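Predicted, not measured: the structure shown is a model, and the values here were computed from it.
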Amino acid sequence: MNDRYDAGYGDGPYELVGYDEYGRPVYQQVPAQPTPQQPYDPYAQQGYGYDPYATGQQPAQPYDTGNQRPAPSYDAYDTGHQPSASSYDTYGGRGAANPYDPYGRTTTSGQHPRVTEQTAYIPQQAGPAEEPEPQAAPERDYRTEQFAFVEEPTDDSEDVIDWLKFTENRTERREEARRRARSRIVALLVVLALVAVGGVGYLWYAGKLPGLSSSGSKSGTATPAAAQKRDVIVVHLHNTGKGGTSTALLVDNTTTEQGTTVLLPNSLALSGDDGSTTTLAKSVDDDGASGTRDQLDTVLGTDIQGTWRLDTPYLQNLVDLVGSIDIDTDTDVPDPDAKKKGTSPLVHKGKAQTLSGKMAVAYATYRASGEAQNAQLERFGQVMQGVLRKISSDAQGATVTVQTLAQILDPPLTDKDLGAFLAKLADLAKGGDYKTALLPVQSDGTLSARTSGSVVKDILGGTAKSPDAGSAVRVSVQNATGVKDDTEKARVVLLNGGFTFLEGGTASAARTTSKVLYADAADKASAAEVAKTLGLPAGSVAKGTVSSGADVSVVLGSDYRPASS
């Protein structure tokens, strides 16, 4: 069965070579004869054998169908990648427009998959359906220059980096500003809270909160007057122009936080070192600062820390240093340097008068004709309080003011001590916790328990300082006999008996019986000894009110018989 058949593909005749296992005829293409245009290929005539130029191909084996038919041959130049015979058109050219695969299907590309043993079915018979083999996507040809990256920074990149740095710095500055603002707000709230708490605490401590009081309030009701702590300095104003002195005590009650200027009249009776009596004015001139301070402690029961001698030129400088003072004046004061009478006064009477240093001195020392010394003393107190309201409340600032005066202070008082003391009083004066009080004395200069209690007891402590061991008992004698000389006779008798004599003045009315009084039970024996020394009966001794500064008080009545009689 070597019939030949032209399939009509233009590839040449086909020769029936046998049947497959399904009984279908199998044809084999008859090799074309060489033409003058093509060199003759001797291997193309062979039905068997192998392609000597095929790479990696084994010699073809004939297809065995069981009938020992001749096996198909391979193209000697087939490398497994050559197009099949059906890839040629009828004119022997490649890439026909519509090539067919061995099953008669039109291919979609210029190549066909290889068919085992180079067999094909005739077009009239349909072969088994096969899915076309998927074509792989062509690979992109990427070249190196397409991915060339710039490694060196350009001007534009520098600008971008600078802008990023600027943006970052600006953001950081804004965040820092916000943090500082929050910190300031928190600090302000803390300060306001502390101020509020401190204000409430101060009002509570000062006893100014409604319904509340403090044991340390400025009323001083919680602490007895005798137990309160006080700092005291005595001031002597010396009038260098007209002569005379004016004395006051500057008191700082640290317990009640109250300041006071206590004015001491010149007629205040003091006891001398020899037991004799004297006046305050005479003691300042004769005994000096130290002697007068000791005598004041004896009479008033005080503990004076220092003496400040303030001459009128220094007072004038002090007022000028603090920048003038404002006080309410009670009278017109003429100019002491005016040559003609009737000229305009230097100081006018009125409220809130501003006084310079010269005006302050003129007002503090002025005493009108026929006026009591207490009137001038009160003007001195006004000037002192006006100075305290203007002096610095800072200890260092007040000390500088004192040092600027360049005055010599009596020891143990120093510039620093005086400055610190004045600063405390200045703080009280500016806060309205300062007052001025006049010590009331009788016409003979003695202190009355009834009239001096508000000053001596409440302001200065109210009790006399206990005498030192071995010191003489101090006896205050008031004459109520109606005989003036009886006072002197009683003084001599008491001094000879070893007692200290204190002038108690003359009573306004005569008494028939004498009295010897003691306030402390410890002084009862001393009172009995005083009565015996004066020749008074034992029944005259009794417990009662004693004059300030005395241990025993004696009131001589008409029953008193002096020893000389």
Side-chain angles (χ1 to χ4, degrees), residues 226 267-272 274-279 295 298-301 440-454 456-457 461-565:
S267 60
L268 177 63
L270 303 177
S271 61
D274 57 354
S276 61
T277 59
T278 185
T279 62
Q295 293 181 51
T298 300
V299 172
L300 302 176
V441 297
Q442 300 183 86
S443 59
D444 58 359
T446 59
L447 297 175
S448 168
R450 179 175 55 86
T451 58
S452 64
S454 60
V456 175
K457 292 184 179 180
T463 57
K465 185 174 68 173
S466 300
D468 297 333
S471 60
V473 177
R474 292 167 297 180
V475 180
S476 173
V477 178
Q478 183 181 31
N479 188 354
T481 62
V483 180
K484 186 178 181 180
D485 293 339
D486 287 346
T487 301
E488 180 62 21
K489 293 177 181 179
R491 184 183 73 84
V492 173
V493 172
L494 291 174
L495 290 177
N496 291 335
F499 298 96
T500 298
F501 175 81
L502 299 179
E503 175 65 51
T506 303
S508 57
R511 296 175 59 92
T512 58
T513 58
S514 300
K515 289 185 177 181
V516 179
L517 305 176
Y518 63 92
D520 192 347
D523 295 326
K524 181 178 180 180
S526 298
E529 187 66 25
V530 168
K532 183 177 179 181
T533 301
L534 292 175
L536 299 176
S540 63
V541 177
K543 185 175 183 180
T545 302
V546 178
S547 299
S548 177
D551 300 316
V552 177
S553 291
V554 176
V555 179
L556 297 177
S558 58
D559 60 345
Y560 171 65
R561 297 292 184 265
S564 57
S565 303

Task: Close side-chain approach of Val530 and Val554, heavy atoms under 4.5 Å - done: yes
Subject >> Side-chain donor or acceptor of Asn479 paired with backbone N/O of Val483 under 3.5 Å >> reply: yes
What one should report as the nearest heavy-atom pair of Val516 and Ala527 is CG1-O, 3.4 Å
Could you tell me whether a side-chain N or O of Ser514 sits under 3.5 Å from a main-chain N or O of Gly557, the two making a donor and an acceptor?
-> yes
Taking every heavy atom of Ser526 against every heavy atom of Phe499, the minimum-distance pair comes out as O-CE2, 4.5 Å
d(Asp520 CG, Lys543 NZ) to nearest 0.5 Å is 7.5 Å
Rounded to the nearest 0.5 Å, the CG atom of Leu556 sits from the CD atom of Gln478 at a distance of 9.0 Å
(message) Go through it in stages, so that I can follow the logic: the residues are Asp559 and Thr513, the test is side-chain hydrogen bond (donor to acceptor under 3.5 Å, both in side chains), and I'd like the CA-CA distance, side-chain angles, deciding distance and then a yes or no.
(response) CA-CA 5 Å; Asp559 60 345; Thr513 58; 5.4 Å; no
Practice item. Take Thr279 and Leu270, measure what side chain to side chain contact (heavy atoms under 4.5 Å, CB included) needs, and give me the verdict at the end. Key: CA-CA 6 Å; Thr279 62; Leu270 303 177; over 6 Å; no
| request: Report yes if some heavy atom in the side chain of Tyr518 is under 4.5 Å from a heavy atom in the side chain of Asp551; otherwise report no. | output: no
For Pro562 and Asp486, the nearest pair of non-hydrogen atoms, with its separation, is CG-OD1, 3.6 Å
In terms of heavy-atom contacts, Ala480 and Val555 come closest through CB-CG1, 4.0 Å
Smallest heavy-atom separation, Ala531 atom then Pro537 atom, equals CB-O, 4.3 Å
- request: Start with the C-alpha gap between Val477 and Leu494, add the side-chain angles, then the distance that decides, and say whether side chain to side chain contact (heavy atoms under 4.5 Å, CB included) holds.
  value: CA-CA 10 Å; Val477 178; Leu494 291 174; 3.5 Å; yes
Determine whether Arg491 and Leu495 make a side-chain contact, defined as any pair of heavy atoms from C-beta on separated by less than 4.5 Å. yes
Closest non-hydrogen atoms of Lys489 and Tyr560, given as atom of the first, atom of the second and distance, are C-OH, 4.2 Å
Exercise. May I have the step-by-step check of side chain to side chain contact (heavy atoms under 4.5 Å, CB included) for Ser476 and Val552, ending in yes or no?
Key: CA-CA 6 Å; Ser476 173; Val552 177; over 6 Å; no
Dump the intermediate steps for side chain to side chain contact (heavy atoms under 4.5 Å, CB included) on Arg474 and Thr298, then the final yes or no.
-> CA-CA 9 Å; Arg474 292 167 297 180; Thr298 300; 3.1 Å; yes
Close side-chain approach of Leu534 to Val493, heavy-atom, < 4.5 Å | yes
Query raised in the report: Is Glu529 salt-bridged to Lys532, going by a charged N under 4.0 Å from an acidic O?
Result: no
